[in-house]
Amino acid sequence: MKTRITELFGIRHPIIQGGMHYVGFAELAAAVSNAGGLGIITGLTQKTPELLAHEIRRCREMTDQPFGVNLTFLPTVTSPDYPGYIKAIVDGGVKVVETAGNNPQKWLPGLHEAGIKVIHKCTSVRHSLKAQAIGCDAVSVDGFECGGHPGEDDVPNFILLPRAADELKIPFVASGGMADGRSLVAALALGAEGMNMGTRFIATKEAPVHERVKQAIVAASELDTRLVMRPLRNTERVLNNAAVERLLQKERTLGAALKFDDIIEEVAGVYPRIMKEGEMDAGAWSCGMVAGLIHDVPTVKELVDRIMSEAEAIITKRLAGFVAA
Ligand SMILES: Cc1cc2nc3c(=O)[nH]c(=O)nc-3n(C[C@H](O)[C@H](O)[C@H](O)COP(=O)(O)O)c2cc1C
């Protein structure tokens, strides 16, 4: 399949694996890139720029295909060494950066000078237009369904994607709620030129997370996610569990007086405990509503091949059948 996204990133299939904290290690990124998509290492999961440089080298040992690095500019407890991370990316010869969170304008000249393409993740049309105006090469349009940070506008992809298509000139992928061939064809129909998946890629053999995380996604339905941190305007969609129930109770009790410190136990530093140790109630972890569409744990290649053959069959058989004379 050829779209402006496959051309831009030099990939075979228009499928991107979004950056995921404590999931996006070299193993997963390389598996996605080897399967013909674009794998992405999560920059900030690596505690220092030196560790990121090491992770990039590891990924390169596992694939000769293009892969990217995610740089997230969200409120964090301590501010990361962004110039150091960017140097590691440039020196590591990485050609794609997925930015997310705050406006990446400040970092674009350095990235572009190094020949790096930048895809910025946005949860609204206005942020997508801003990304285009500052010179991003593509946008990942992240609907309200998504796992992680859906922003504060709450516009689902059935509206957000065609709105983005109406306004944007640069190519974009659909992100949030994407799982299978149907998702890909729908995304293309709504104006996107590919799709970005997070949650679906966690439930794969190569995802380097505890087996209990994968099984929790398989067991979850589309009703099992919750929005947390809304009062802090840092909304995150997470899988419900005991810690999330506790967090939501604090939000209800404290109302507008809620501060980050009040919920630190449920959100700070919980990812390694969940993703590595499989302590499923250790805290709040991002998960999309798309969990309701995930019923198995295939290899990344099986998943990507299945998506592409399903998409092709939908386009050439089901949809073509509707318009046949
Ligand atoms: C466990 C998890 C961790 C994530 N961590 C990050 C992150 O560190 N940076 C980021 O930009 N997006 C992060 N995301 C968002 C994904 O990159 C992607 O945009 C999102 O998962 C898409 O929605 P989906 O889960 O419905 O596919 C995370 C998502 C999940 C599920």
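Just so it is clear, the model here is predicted, and its values are computed rather than measured. Just so you know, ligand 1 is whichever comes first in the structure, and atom 1 is the first atom listed for that ligand. For this chain, numbers begin at 1 and follow the sequence in order.
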Which protein heavy atom lies closest to [atom], and at what distance to 0.1 Å?
atom: atom 22 (C) of ligand 1; answer: Ser175 OG, 3.5 Å
atom: atom 30 (C) of ligand 1; answer: Ser286 CB, 3.5 Å
atom: atom 7 (C) of ligand 1; answer: Gly19 O, 3.6 Å
atom: atom 29 (C) of ligand 1; answer: Met20 CG, 3.6 Å
atom: atom 9 (N) of ligand 1; answer: Thr72 OG1, 2.8 Å
atom: atom 26 (O) of ligand 1; answer: Gly177 N, 2.8 Å
atom: atom 21 (O) of ligand 1; answer: Gly198 CA, 3.3 Å
atom: atom 19 (O) of ligand 1; answer: Lys121 NZ, 2.8 Å

In residues 135-148, what donor-acceptor pairs under 3.5 Å come from side-chain atoms, sequence neighbours left out?
unit_1: Asp137; atom_1: OD2; unit_2: His112; atom_2: NE2; d: 2.8
unit_1: Asp137; atom_1: OD2; unit_2: Val118; atom_2: N; d: 2.8
unit_1: Asp142; atom_1: OD1; unit_2: Ser175; atom_2: OG; d: 2.6
unit_1: Glu145; atom_1: OE1; unit_2: Asn157; atom_2: N; d: 3.3
unit_1: Glu145; atom_1: OE2; unit_2: Asn157; atom_2: N; d: 3.0

Find all atoms of ligand 1 within a distance of less than 4.0 Å from any non-hydrogen atom belonging to [X], and give their numbers and elements.
X: Gly18; result: 17 (O)
X: Gly147; result: 15 (C), 20 (C), 21 (O), 23 (O), 24 (P), 25 (O), 26 (O)
X: Asn196; result: 18 (C), 19 (O)
X: Thr42; result: 8 (O)
X: Thr199; result: 21 (O), 24 (P), 25 (O), 27 (O), 31 (C)
X: Met197; result: 27 (O)
X: Val290; result: 26 (O)

Minimal non-hydrogen separation, Asn241 against Val244, with atom names
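So the two residues come closest at OD1-N, 2.8 Å.
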Residue-level breakdown please: for [X] versus ligand 1, do any non-hydrogen atoms fall below 4.0 Å on the side chain, on the backbone, on both, or on neither?
X: Leu44; value: neither
X: Thr45; value: neither
X: Ala100; value: side chain

Under 3.5 Å, N or O to N or O, is Asn70 touching ligand 1 that way?
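For ligand 1, there is an N or O atom that lies under 3.5 Å from one belonging to Asn70.
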Judged by atom type as modelled, is there a donor-acceptor pair below 3.5 Å linking the side chain of [X] to the main-chain atoms of [Y]?
X: Lys87; Y: Pro49; answer: no
X: Thr48; Y: Leu51; answer: yes
X: Gln17; Y: Ile40; answer: yes
X: Asp262; Y: Lys259; answer: yes

Contact check, Met275 vs ligand 1, heavy-atom distance below 4.0 Å:
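Contact check Met275 vs ligand 1: positive.
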Atom CE in Met308, atom CG in Asp180: separation rounded to 0.5 Å?
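The distance works out to 12.5 Å.
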Name the orientation class of the two ring planes belonging to Tyr85 and Tyr82 (parallel below 30°, tilted from 30 to 60°, perpendicular beyond 60°).
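Judged by the thresholds at 30° and 60°, the geometry between Tyr85 and Tyr82 is tilted.
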Do the side chains of [X] and [Y] get close enough for a salt bridge, i.e. N-O under 4.0 angstrom?
X: Glu266; Y: Lys250; value: yes
X: Glu55; Y: Arg58; value: yes
X: Arg230; Y: Glu251; value: no

The criterion is side chain to side chain contact (heavy atoms under 4.5 Å, CB included); which residues satisfy it with Glu61, sequence neighbours excluded?
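In terms of side chain to side chain contact (heavy atoms under 4.5 Å, CB included), with neighbours along the sequence ignored, Glu61 is linked to no residue.
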